[in-house]
Amino acid sequence: VQLQASGGGLVQPGGSLRLSCAASGRTFSSYHMGWFRQAPGKEREFVATISWGAGSTRYADSLKGRFTISRDNAKNTMYLQMNSLKPEDTAVYYCAAGVVLITEPQYYDYWGQGTQVTVSS
């Protein structure tokens, strides 16, 4: 499966963005999906994950209540709604697909190219 992340941009603190991850191929619904982010000089970190049927989601503890992950298997697309954004949310956001519902990035098999999110006034 090929993944294409989009929706990033520059937003003021307290603002919102919705990221999308479009998948090609006919097997999107077979994969668990995840969002990760990487800030300059830092390791890639887990943001959220969603099971293949959207019945299970997990979030990084620091992001609970502000970020919401969802997916539409009919559209082969996953989303990340980000609210109340903070400067520390600035990073490149990556979407990923895998067969294990897990928070560690090394277990994901396919990755999108990333989309830049910058939170600044």
Side-chain angles (χ1 to χ4, degrees):
V1 60
Q2 293 183 325
L3 304 175
Q4 179 80 29
S6 63
L10 174 64
V11 63
Q12 293 187 341
S16 298
L17 279 176
R18 187 176 82 155
L19 305 183
S20 298
C21 177
S24 63
R26 295 173 290 178
T27 59
F28 173 74
S29 60
S30 300
Y31 290 95
H32 303 307
M33 299 293 296
W35 285 101
F36 296 82
R37 68 184 184 184
Q38 188 166 17
K42 295 187 177 181
E43 293 186 351
R44 191 167 298 189
E45 66 172 352
F46 168 73
V47 173
T49 186
I50 187 166
S51 61
W52 64 271
S56 179
T57 59
R58 291 182 65 181
Y59 296 91
D61 288 342
S62 62
L63 302 176
K64 286 181 181 178
R66 295 196 298 123
F67 288 16
T68 303
I69 190 171
S70 62
R71 66 190 294 167
D72 185 339
N73 286 343
K75 295 182 178 180
N76 281 5
T77 304
M78 174 181 64
Y79 306 98
L80 184 68
Q81 178 67 43
M82 305 186 294
N83 298 328
S84 303
L85 284 162
K86 305 175 181 180
E88 50 264 42
D89 294 318
T90 295
V92 178
Y93 283 71
Y94 297 91
C95 58
V99 296
V100 181
L101 188 65
I102 201 165
T103 63
E104 287 80 6
Q106 61 267 32
Y107 294 101
Y108 284 78
D109 302 306
Y110 303 98
W111 290 84
Q113 86 291 356
T115 185
Q116 176 71 48
V117 172
T118 303
V119 184
S120 175
S121 55

Value for CG (Asn76) from CZ (Arg71), rounded to nearest 0.5 Å, stands at 9.0 Å
Test side chain to side chain contact (heavy atoms under 4.5 Å, CB included) on Asp89 and Arg37; report intermediate values, then the result. CA-CA 9 Å; Asp89 294 318; Arg37 68 184 184 184; 2.9 Å; yes
Counting only heavy atoms not in Arg44, do more than 12 fall under 6.0 Å of its CZ? yes
Please say yes or no: joined through hydrophobic side-chain contacts below 4.5 Å, possibly via intermediate residues, are Val11 and Tyr93 part of one cluster? yes
Are the side chain of Tyr59 and the backbone of Ile69 linked by a donor-acceptor contact shorter than 3.5 Å? yes
Going from OG on Ser16 to CZ on Arg18, what distance comes out if it is rounded to the nearest 0.5 angstrom? 12.0 Å
Closest heavy-atom contact between Gly8 and Thr115? N-OG1, 3.1 Å
Considering non-hydrogen atoms only, spot the tightest contact between Gln38 and Ala91 and give its length. O-CB, 3.4 Å
Might you point out which heavy atoms bring Gly98 and Asp109 nearest each other, and give the distance in Å? CA-OD2, 3.7 Å
N/O donor-acceptor pair under 3.5 Å between Tyr108 side chain and Ile102 backbone: yes
Any disulfide bond (SG atoms under 2.5 Å apart) involving residues 80-121? Give me the pairs, sequence neighbours left out, ordered by first then second residue. Cys21-Cys95
Kindly check if the number of other-residue, nucleotide or ligand heavy atoms within 6.0 Å of CD (Glu104) is above 12? yes
Main-chain N/O of Ala5 paired with Gln113 side-chain donor or acceptor, under 3.5 Å: yes
For residues Phe46 and Met82: do they belong to one hydrophobic cluster (side chain heavy atoms under 4.5 Å, members Ile, Leu, Val, Met, Phe, Trp, Tyr)? yes
Closest heavy-atom pair, Leu17 versus Leu85, reported as atoms and distance to 0.1 Å, is N-CD1, 3.9 Å
Side chain to side chain contact (heavy atoms under 4.5 Å, CB included) for Leu19 and Met78? Distances and angles first, verdict last. CA-CA 8 Å; Leu19 305 183; Met78 174 181 64; over 6 Å; no
Do the side chains of Leu101 and Tyr79 join up, straight or via other hydrophobic residues, at under 4.5 Å, putting them in one cluster? no
Heavy-atom side-chain proximity of Trp35 to Phe67 below 4.5 angstrom: no
Check whether Leu10 and Val92 end up in the same hydrophobic cluster, where Ile, Leu, Val, Met, Phe, Trp and Tyr are linked by side-chain heavy atoms less than 4.5 Å apart. no
Separation between CZ (Arg58) and NE2 (His32), nearest 0.5 Å, reads 12.0 Å
Is the number of heavy atoms from other residues, nucleotides or ligands within 6.0 Å of CD (Glu43) greater than 12? no
So, taking the atom named OH in Tyr107 and the one named OG1 in Thr49, what distance separates them when rounded to the nearest 0.5 Å? 14.0 Å
Please report the closest heavy-atom contact between Ile50 and Thr57, naming both atoms and the distance. CG1-CG2, 3.7 Å
Nearest heavy-atom contact between Met33 and Ala97 is SD-CB, 3.4 Å
Hey, any chance Phe28 and Trp52 share a hydrophobic cluster, counting ILVMFWY side chains that come within less than 4.5 Å of each other, even indirectly? no
